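In what follows, every chain begins at residue 1, and chains take the letters A, B, ... in the order their sequences are listed. This structure is a prediction, so every number in the text was calculated from the model and none was measured.
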2 protein chains.
Amino acid sequence: MSTHSHTPCELCASRKQSMFSDLPESQLCTISDYKNLISHRKGQILYYEGTKPLGIFCINAGVVKVYKTASNGKEQIIHLAKKGDFLGYAALLSEENYTNSAMIIEDAKICFVPKEPFLNTLLKNTDFFKRVTKQLSHEIGVMEERLTDATQKSIRERLAFVLLQLANSYGVEGGGNQKIDLVLSREEIAGIVGTATESVIRLLSEFKKDNLIDMDGKKIIVKDKRGLARLSDFYA
Amino acid sequence: MSTHSHTPCELCASRKQSMFSDLPESQLCTISDYKNLISHRKGQILYYEGTKPLGIFCINAGVVKVYKTASNGKEQIIHLAKKGDFLGYAALLSEENYTNSAMIIEDAKICFVPKEPFLNTLLKNTDFFKRVTKQLSHEIGVMEERLTDATQKSIRERLAFVLLQLANSYGVEGGGNQKIDLVLSREEIAGIVGTATESVIRLLSEFKKDNLIDMDGKKIIVKDKRGLARLSDFYA
DNA sequence: TCCATTATATGATTTATATCAGGTTATTTT
DNA sequence: AAAATAACCTGATATAAATCATATAATGGA
């Protein structure tokens, strides 16, 4: 884990995609002065569930899985965070310990902004505060949807849906199809869907046989979005 | 549905339990001036998923179920809101339509505070804004937990857990035991747990047989909290 | 008060999916 | 390169829970 402090936020390319996008120069500089950029390798942990948040993370590059460990030992992946995403602000703002853990799954550059400058900026800049609040509120709606899907949809439907979402977030074009440009193990996909690894393996084979997807090494190619969309709905 | 505009927020008994609790008199009056109290009977709808939020609801008395309708027609109950709870602020702050619906399940008195005075107060009073944000952040953590439980725990475990939660929120003491002072149909309990009605019926019978609970009319008496707690954990 | 409707209950059956077990194929590590 | 480890695959089996079917009890309306 190596620390740099170059690349001020003002010049950060991933800023445009983040909640920092509209911060005025002056406030951006304040944050920039306090932040520091850390490189992380795949497998490293950003923070653990149950520990105290000391600031927020801003992802400059790479991918981070945010997950909870269930009492049976299995991982439920809550979210895959990428360039421009913020991490840990909910825990910070709730004034509680982290409710989840975060692990790098694709080599990453991540800025850490300590609690103080972040909260100060929040209070100074109401627009920024509103944007953060908007994001929090939005996430609640998303979680409600996921909970409903988890209790009411089959594993097949949920997997089909997850593949579509991954294609949207991590898809790169190629030959008319979209390739999910992200290496995930079957176990990790199971963690997203909320099922057993074997079920994912079986269903992915089925999807491939049915020409809905294809594999390019460890990466999944989505060949038939409409087909997956049909599968992801109830009785359709 | 009858409208009154008496009981100013300053004198409202349920205020102390709400996010309004620490508002200064002046701001409370602003809100009070704009709000209006409406009585609702069981079965009435407060708002529907997909519609535009025009303000927030503050529950003075009664119980409201907040739920999503899944594509198979079943209801997933997200939350049961009672005295002192706010409803619809997440949708308002996300600047999106409601992601869920709300129905009265116990005769209620509910204040409606229009968008404008609520948002103005929020921006004027940073402490209040912080408290709302804290609540939103907290809820995200709760939803993450629920999602993990939904994918990793059995129906029996989840039902046991739901009973403990209901006892905490709606429990009244009596003969050493706690009675869940809230009439819920088996179907609604199934909607909270995320399962089929028949499964709830069977499991409740089982819990009763095992002396974990008892019935008082339509209300459930929790006789053995520790037993339910043991059941609600994995392999315990 | 009777009728209709809804809620509860319980048994039988089916089904999805987890689990277990035994493989092969990839990756690391030494 | 060989050995060790992890990831993936497939089949067999077990099981939790949904669904279907039907009966009884409770509730609400006319």
Side-chain angles (χ1 to χ4, degrees), chain A residues 41-43 65 70-76 103 105-107 148-162 182-209 213-220 231-232 234-235, chain B residues 41-43 65 70-76 103 105-107 148-162 182-209 213-220 231-232 234-235:
Chain A
R41 310 288 319 267
K42 183 172 175 165
K65 71 170 171 188
S71 40
N72 63 355
K74 286 194 185 173
E75 275 179 15
Q76 174 63 47
M103 180 191 279
I105 60 166
E106 200 170 79
D107 292 357
T148 307
D149 284 355
T151 62
Q152 305 294 350
K153 289 191 169 186
S154 70
I155 303 291
R156 178 179 285 102
E157 290 170 314
R158 277 147 61 191
L159 177 60
F161 187 65
V162 163
L182 180 60
V183 174
L184 291 169
S185 68
R186 303 298 193 234
E187 192 176 3
E188 281 169 327
I189 296 174
I192 303 173
V193 174
T195 186
T197 307
E198 295 95 322
S199 298
V200 169
I201 291 172
R202 266 182 258 270
L203 284 168
L204 285 181
S205 310
E206 181 193 312
F207 288 179
K208 189 178 170 189
K209 185 174 63 69
I213 62 168
D214 210 337
M215 299 301 299
D216 177 10
K218 306 218 60 155
K219 292 177 180 171
I220 297 171
L231 253 191
S232 76
F234 251 92
Y235 315 128
Chain B
R41 310 290 318 269
K42 185 173 174 163
K65 71 170 172 188
S71 40
N72 62 356
K74 286 195 185 171
E75 276 180 12
Q76 174 64 47
M103 180 191 278
I105 61 166
E106 201 169 80
D107 292 358
T148 306
D149 284 356
T151 62
Q152 305 294 350
K153 288 191 169 185
S154 70
I155 303 292
R156 178 179 286 103
E157 290 170 314
R158 277 147 61 192
L159 177 60
F161 187 65
V162 163
L182 180 61
V183 174
L184 291 169
S185 67
R186 303 299 193 233
E187 191 175 4
E188 282 170 326
I189 297 173
I192 302 173
V193 176
T195 186
T197 307
E198 294 95 322
S199 298
V200 169
I201 291 172
R202 264 183 258 271
L203 284 168
L204 285 181
S205 311
E206 180 192 314
F207 287 179
K208 189 178 170 189
K209 186 175 61 71
I213 62 168
D214 210 338
M215 299 301 301
D216 177 10
K218 305 216 60 154
K219 293 177 180 170
I220 297 170
L231 253 191
S232 74
F234 251 90
Y235 314 125

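- Rounded to whole Å, the distance from NZ on A:K153 to P on D:dA17 is 21 Å.
- Closest to the A:E198 side chain, of the nucleotides D:dT10, D:dC20, D:dA17, is D:dT10.
- Following rounding to the nearest Å, B:I201 (CD1) and D:dA23 (C1') show an atom-to-atom distance of 13 Å.
- Below the 3.5 angstrom threshold, one finds no donor paired with an acceptor across the side chain of A:R158 and the base of C:dT17.
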Intermediate values then yes/no, side-chain contact (heavy atoms from CB on, under 4.5 Å), A:T151 and B:R158
CA-CA 11 Å; A:T151 62; B:R158 277 147 61 192; 3.7 Å; yes
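- Nearest nucleotide to the side chain of B:E187, out of C:dA7, C:dT17, D:dC8: C:dA7.
- Separating the CD1 atom of B:I155 from the C1' atom of D:dA18 is a distance of 10 Å, rounded to the nearest angstrom.
- The side-chain contact (heavy atoms from CB on, under 4.5 Å) test with A:K219 singles out one residue from A:V183, A:L184, A:D214, and that residue is A:V183.
- For the pair A:K208 NZ and D:dT10 C1', the computed distance is 15 Å after rounding to whole Å.
- Across the protein-nucleic acid pair, B:K209 atom NZ and C:dT10 atom P stand 11 Å apart, rounded to whole Å.
- In this model, the phosphate group of C:dA7 is not approached by any side-chain N or O of B:K218 to a distance below 4.0 Å at OP1 or OP2.
- At distances below 3.5 Å, at least one donor-acceptor pair connects side-chain atoms of B:Q76 with backbone N or O atoms of B:I192.
- When the side-chain nitrogen and oxygen atoms of A:S205 are compared with OP1 and OP2 of D:dT10, one or more of them lie within a distance under 4.0 Å.
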I would like to know whether B:K208 and B:S205 meet side-chain contact (heavy atoms from CB on, under 4.5 Å); could you show each step before the answer?
CA-CA 5 Å; B:K208 189 178 170 189; B:S205 311; 5.6 Å; no
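- Using a 4.0 Å heavy-atom distance criterion, A:T197 is classed as making no nucleic acid contact.
- Summarising the geometry, the separation between CD on A:Q152 and C1' on C:dT17 is reported as 17 Å, rounded to the nearest angstrom.
- Nearest to the side chain of B:K74, among D:dT19, C:dT8, D:dT10, sits D:dT19.
- An OP1 or OP2 oxygen of C:dA18 is reached within less than 4.0 angstrom by a side-chain nitrogen or oxygen of A:S199.
- Listed nucleotides C:dT19, C:dA9, D:dA18 differ in distance to A:A196; the shortest reach to its side chain belongs to C:dT19.
- Residue-to-nucleotide proximity on DNA chain D shows that, of B:G194 and A:L184, the 5′-proximal contact is made by A:L184.
- Atoms CE (B:M215) and P (C:dT8) sit 9 Å apart, rounded to a whole Å.
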Please lay out, stage by stage, how A:I220 and A:L204 fare under the test side-chain contact (heavy atoms from CB on, under 4.5 Å).
CA-CA 9 Å; A:I220 297 171; A:L204 285 181; 4.3 Å; yes
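- The phosphate of C:dA9 has OP1 or OP2 within less than 4.0 Å of a side-chain N or O from B:R186.
- Counting only heavy atoms from C-beta on, A:T195 has its side chain closest to C:dT17 among D:dT10, D:dC8, C:dT17.
- Following rounding to the nearest Å, A:L204 (CG) and D:dT10 (P) show an atom-to-atom distance of 11 Å.
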